[in-house]
Amino acid sequence: MYTHVMVDSNKTADGAHVQCIPHVSYAHGPPMHTVDAYKTNSISESDPTAYSITESLKYAINILTPNNSLLQHRIRLGAFLGSRKSLLCGPGCGKGTQCTKIAENFGFTHLSVGELLREEVKSGSEDGAMIRNMMKEGKIVPPEVTIKLLLRAILESGNDKFLIDGFPRDEENRAAFESITNVEPDFVLFLDCPEEEMERRILARNQGRVDDSIQTMRKRFRVYMDSTVPVLDHYNSKAKLRKVDASRPIDKVFEDVKVIFAPFGAKANNSMRRSSIRMGMGHERVISLVERLCRATRDIIAYIFSKLRSFYPPACVTRKALKST
Ligand SMILES: Nc1ncnc2c1ncn2[C@@H]1O[C@H](COP(=O)(O)OP(=O)(O)OP(=O)(O)O)[C@@H](O)[C@H]1O
Ligand SMILES: O=c1ccn([C@@H]2O[C@H](COP(=O)(O)O)[C@@H](O)[C@H]2O)c(=O)[nH]1
């Protein structure tokens with residue numbers, strides 16, 4: 001299986017996309033490279049000059065955002081990784097539930113990688129079948145896929161504050177993401193919940209998810225222990241882990257979460273919030289639209305003035321012209 005990175009140079013950074021497609025085509029940049037999508041650092045035998053997928057993505061991102069500067073500016077990450085108690089836990093601790101509340105209250109864009117993957121499956125894309133199978137088995141999808149989806153969502157969001165829910169699930173995803181973007185999360189929220197409670201929540205969820213079965217849940221717990229706990233340890237060693245007791249009711253958990261997030265985000269004001277409700281959108285989206293509108297208005301006014309100036313020169317110029325006649 002080979003995956004390639006395509007860069008469409010006609011798009012602006014906001015509209016740009018990084019795509020994994022079966023045959024590479026770099027619109028600009030190095031000649032075609034083939035990359036083994038399932039080995040982060042592999043070099044294809046058929047092409048000795050092949051880039052690793054990480055390098056390819058890095059190159060693509062650099063085209064979209066020279067030196068990663070835009071991306072660095074735009075990403076401030078709060079990552080949710082799952083939860084654990086007595087070293088056994090993970091899915092169902094309430095990440096999605098708390099993320100929705102944080103996004104509403106602190107103006108973050110909530111990006112659930114699990115949700116992005118589910119949408120990719122629904123879209124019927126080439127990766128869809130592979131993603132669905134991996135999710136059904138409770139496995140972690142390779143970084144080439146998750147990071148592509150994540151970066152696309154980041155670039156499309158128009159926001160500069162992101163809440164990344166359920167990522168990175170393993171060291172490979174963490175290392176690839178940090179290497180590509182050159183950014184680390186501000187902190188990682190760890191929702192601590194007993195395994196039995198998480199089981200209860202998952203089995204009561206009833207949203208028709210392919211992984212909400214006892215069998216898959218057990219597999220997910222194992223994957224969590226083997227692959228995600230080392231990521232938690234990594235952030236803990238960097239003093240970036242913030243732990244909250246997630247076994248309590250939703251609002252009680254959120255009270256503690258709010259304290260952690262308080263320094264990280266301005267609350268959207270009430271009129272913005274009312275507009276978001278009226279327009280049926282998340283308020284961060286409304287803020288971004290208002291910002292864009294302001295920028296567009298400023299550009300239009302500047303344009304009108306430049307036209308006016310060419311028809312009506314400034315008074316001093318007119319006076320000078322009159323004097324000389
Ligand atoms: N504190 C809580 N108390 C009781 N139920 C909760 C709590 N938090 C979330 N739930 C419920 O538990 C279920 C799982 O929550 P949620 O989907 O937010 O978890 P998650 O960690 O995102 O799960 P997954 O990792 O499987 O995506 C949902 O039905 C949700 O309504
Ligand atoms: O970074 C990620 C995040 C998720 N997955 C896969 O999706 C499911 C469900 O994720 P939730 O965040 O719990 O909704 C997870 O079990 C993985 O199979 C992933 O591969 N990589």
Side-chain angles (χ1 to χ4, degrees), residues 37-38 77 79-85 89-103 110-122 127-151 153-154 162-178 185 188-228 231-232 244-257:
Y38 289 96
L77 302 170
F80 276 69
L81 286 166
S83 108
R84 100 183 136 129
K85 180 147 183 168
C89 54
C93 58
K95 302 185 290 294
T97 306
Q98 294 297 325
C99 280
T100 306
K101 291 172 96 57
I102 298 163
H110 170 203
L111 297 174
S112 157
V113 175
E115 208 47 52
L116 291 173
L117 291 168
R118 282 184 281 276
E119 277 167 21
E120 192 67 3
V121 172
K122 268 198 228 142
D127 292 327
M130 177 272 288
I131 296 172
R132 189 180 185 282
N133 286 337
M134 295 201 78
M135 288 176 98
K136 193 159 179 236
E137 290 303 310
K139 290 183 180 161
I140 298 169
V141 174
E144 297 77 28
V145 177
T146 41
I147 294 176
K148 174 195 72 173
L149 296 175
L150 200 44
L151 291 177
I154 286 171
F162 299 95
L163 195 56
I164 310 227
D165 166 0
F167 179 90
R169 287 289 233 274
D170 62 11
E171 277 292 289
E172 193 186 12
N173 271 276
R174 183 193 65 73
F177 186 81
E178 289 178 4
V188 172
L189 187 64
F190 170 51
L191 298 177
D192 193 11
C193 189
E195 186 186 347
E196 315 81 64
E197 174 61 17
M198 289 188 279
E199 273 192 31
R200 252 194 307 278
R201 291 181 189 176
I202 287 177
L203 297 177
R205 181 159 50 188
N206 202 14
Q207 287 174 356
R209 275 175 53 164
V210 68
D211 51 354
D212 273 356
S213 66
I214 295 188
Q215 295 86 330
T216 307
M217 190 177 68
R218 296 269 143 83
K219 287 178 187 163
R220 292 179 71 199
F221 281 130
R222 213 168 312 129
V223 167
Y224 175 81
M225 288 305 304
D226 294 344
S227 304
T228 311
V231 183
L232 288 172
V244 164
D245 175 3
S247 64
R248 297 164 302 153
I250 294 172
D251 287 340
K252 285 271 168 236
V253 177
F254 188 58
E255 273 173 25
D256 288 1
V257 169

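Both counts, for ligands and for their atoms, begin at 1 and track the order of listing.
Contacts with ligand 1 closer than 4.0 Å are made by no heavy atom of A204, backbone or side chain. Residue contacts with ligand 1 for Q207 are absent, since no atom lies close enough (heavy atoms, distance under 4.0 Å).
Nearest to atom 9 (C) of ligand 2 by heavy atom, out of N133, D211, T216, is D211.
The pair K148-E144 does not meet the salt-bridge criterion, since no charged nitrogen lies less than 4.0 angstrom from a carboxylate oxygen. Using a 4.0 Å cut-off between charged side-chain N and carboxylate O, E119 and K122 make no salt bridge. Salt bridge present: R248 and D256 bring a charged side-chain N and a carboxylate O closer than 4.0 Å.
Residue-to-ligand polar distances keep T146 apart from ligand 2: every N/O pair is separated by 3.5 Å or more. Remark: ligand 2 and M135 share no N or O pair separated by less than 3.5 Å (distance only, no angle test). The shortest N or O to N or O distance between R169 and ligand 2 is under 3.5 Å.
The stretch residues 197-207 participates, sequence neighbours left out, in these salt bridge (Lys or Arg N to Asp or Glu O under 4.0 Å) pairs: E197-R200, E197-R201, E199-R218, R205-D212.
Using a non-hydrogen distance threshold of 4.0 Å, R209 registers as a contact of ligand 2. For N173, the heavy-atom gap to ligand 2 stays at 4.0 angstrom or more.
Close contacts between ligand 1 and R220 involve ligand atoms 24 (P), 25 (O), 26 (O) [criterion: under 4.0 Å to a heavy atom].
Side chains of D170 and T228: a donor-acceptor N/O pair is absent below 3.5 angstrom, by distance only.
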